Amino acid sequence: MTDIERRLYKFLLLTDAAAIVVSMVAGPLQHTSIAIGAAASACLVSLCLIGYGIYFWVKR
């Protein structure tokens, strides 16, 4: 993994964490559509990060 890819990975990890927090806060505040959208985005980003990590782990 190059330096740029590591930085992008860390950025996407922080974005994923932010989406999870937004989902956790918006749910109890009765903002259902925002909570579902943020949770779906977090799931998608998480799956991509896991796949990307496994791709580079196998190359080693």
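Note: hydrogens, waters and symmetry copies are ignored here, and every other heavy atom, side chains too, is used. Because the structure is a prediction, the values reported are computed rather than measured. Positions are given from 1 along the sequence.
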My understanding is that only residues two or more places apart in sequence, or in another chain, count here; which of them pass side-chain contact (heavy atoms from CB on, under 4.5 Å) with [X]?
X     : answer
Ala39 : Ser23
Val21 : Val25
Ile54 : Ile50, Val58

Members besides Ile4 in its Ile/Leu/Val/Met/Phe/Trp/Tyr cluster (side-chain heavy atoms under 4.5 Å):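 Answer for Ile4: none, a lone residue.
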
Using a 4.5 Å cut-off between side-chain heavy atoms of Ile, Leu, Val, Met, Phe, Trp and Tyr, which other residues end up in the same hydrophobic cluster as Val22?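 Its cluster partners, ordered by chain and number, are Ile34.
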
Parallel, tilted or perpendicular: which fits the ring planes of Phe56 and Tyr52, with parallel below 30° and perpendicular above 60°?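 Perpendicular.
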
Side chains of residues 7-15: which donor-acceptor partners sit under 3.5 Å, not counting sequence neighbours?
unit_1, atom_1, unit_2, atom_2, d
Arg7, NE, Asp3, OD2, 3.4
Arg7, NH2, Asp3, OD2, 3.3
Tyr9, OH, Leu49, O, 3.2
Thr15, OG1, Phe11, O, 2.8

Taking side chain to side chain donor-acceptor pair (under 3.5 Å) as the cut-off, I'd like each qualifying pair that reaches into residues 29-46, sequence neighbours left out, listed once.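 Every side chain to side chain donor-acceptor pair (under 3.5 Å) pair that includes a residue of residues 29-46, provided the two are not neighbours, is Asp16-Ser46.
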
